[in-house]
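Data block below; observations after.
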Amino acid sequence: MSGDQPPVDWDRETPRRFWDPARQLLRAIRAYQAADAGTVRRKMAVLRYRFWSVISQAEIDLNTQITGGLLLPHPNGIVIHPEVKIGPNCLIFQQVTLGTDGKRYGSPQLGAHVDVGAGARIL
């Protein structure tokens, strides 16, 4: 994830309606990252994050570096380690794990426009 990045398509993360768990989860993560530590806004973002994380059945750490335009059509079972870096306009399907195996240093970094298929394990 170095050099010039393509433009981020923020529309991909915009909730289409209230009941849009994947996009609402991303919105809560963005709100958490934008709020100052210890503020009411950040605490509210954590509550929203926890709600949408349970509903979507996805475990994406609040501090994961997501460039933008991430699309999660079926967020069920997605697990993303906090050190993972996700480039712009990526697509991640259900039951995907992005993380470390605990034996090697470093974590996965997805570049721009990377599609990760259902059930993939990238360690």
First locate atom [atom1] of [X], then atom [atom2] of [Y], and finally report the distance between them rounded to the nearest 0.5 Å.
X: Gln95; Y: Thr97; atom1: CD; atom2: OG1; answer: 8.0 Å
X: Arg42; Y: Leu62; atom1: CZ; atom2: CG; answer: 8.0 Å
X: Tyr49; Y: Gln24; atom1: OH; atom2: CD; answer: 15.0 Å
X: Ile92; Y: Asp115; atom1: CD1; atom2: CG; answer: 9.5 Å
X: Leu25; Y: Phe51; atom1: CG; atom2: CZ; answer: 11.5 Å
X: Leu110; Y: Gln65; atom1: CG; atom2: CD; answer: 12.0 Å

Query raised in the report: Side-chain contact, heavy-atom cut-off 4.5 Å: Arg27 with Pro15?
Result: yes

Query - Test item: Ile29 and Thr64 side chains (from C-beta on) under 4.5 Å apart, heavy atoms - result: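 No, too far: nothing below the 4.5 Å cut-off.
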
Query raised in the report: Can you tell me if CZ on Arg121 sees more than 12 non-hydrogen neighbours from other groups inside 6.0 Å?
Result: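 For Arg121, atom CZ is crowded (more than 12 foreign heavy atoms under 6.0 Å).
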
Report task. Assess whether atom CD of Gln94 is packed by more than 12 heavy atoms of other residues, nucleotides or ligands within 6.0 Å. Result -> yes

Report summary line: Checking Asp61, Val96, Leu98 against Ile80 for side-chain contact (heavy atoms from CB on, under 4.5 Å), the one that qualifies is Leu98

Could you tell me whether a side-chain N or O of [X] sits under 3.5 Å from a main-chain N or O of [Y], the two making a donor and an acceptor?
X: Asn89; Y: Pro7; answer: yes
X: Arg23; Y: Pro21; answer: no
X: Arg12; Y: Cys90; answer: yes
X: Ser107; Y: Glu83; answer: yes
X: Tyr32; Y: Arg48; answer: no
X: Thr67; Y: Ile86; answer: yes
X: Arg16; Y: Thr14; answer: yes

For [X] and [Y], work out which heavy atoms get closest and say how close.
X: Ala22; Y: Pro75; value: CB-CG, 3.8 Å
X: Gly99; Y: Pro108; value: O-CD, 3.2 Å
X: Ala120; Y: Val116; value: CB-CG1, 3.6 Å

Query - Test side chain to side chain contact (heavy atoms under 4.5 Å, CB included) applied to Leu123 and Thr100, step by step - result: CA-CA 5 Å; Leu123 305 174; Thr100 63; over 6 Å; no

Determine whether [X] and [Y] fall in the same hydrophobic cluster, where Ile, Leu, Val, Met, Phe, Trp and Tyr are linked whenever their side-chain heavy atoms lie under 4.5 Å apart.
X: Val79; Y: Leu26; result: no
X: Val114; Y: Val8; result: no
X: Ile55; Y: Val46; result: yes
X: Val84; Y: Ile122; result: yes

Requested in this report: Give a yes or no on whether the ring-centroid distance for Phe18 and Trp52 is below 6.0 angstrom.
Outcome: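 Close enough - the centres of the two rings lie under 6.0 Å apart.
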
Requested in this report: Could you tell me whether the side chains of Asn76 and Gln57 share a donor-acceptor contact shorter than 3.5 Å?
Outcome: yes

Query raised in the report: Passes side chain to side chain contact (heavy atoms under 4.5 Å, CB included), Ile60 versus Ile66? Steps please.
Result: CA-CA 10 Å; Ile60 302 172; Ile66 304 169; 4.3 Å; yes

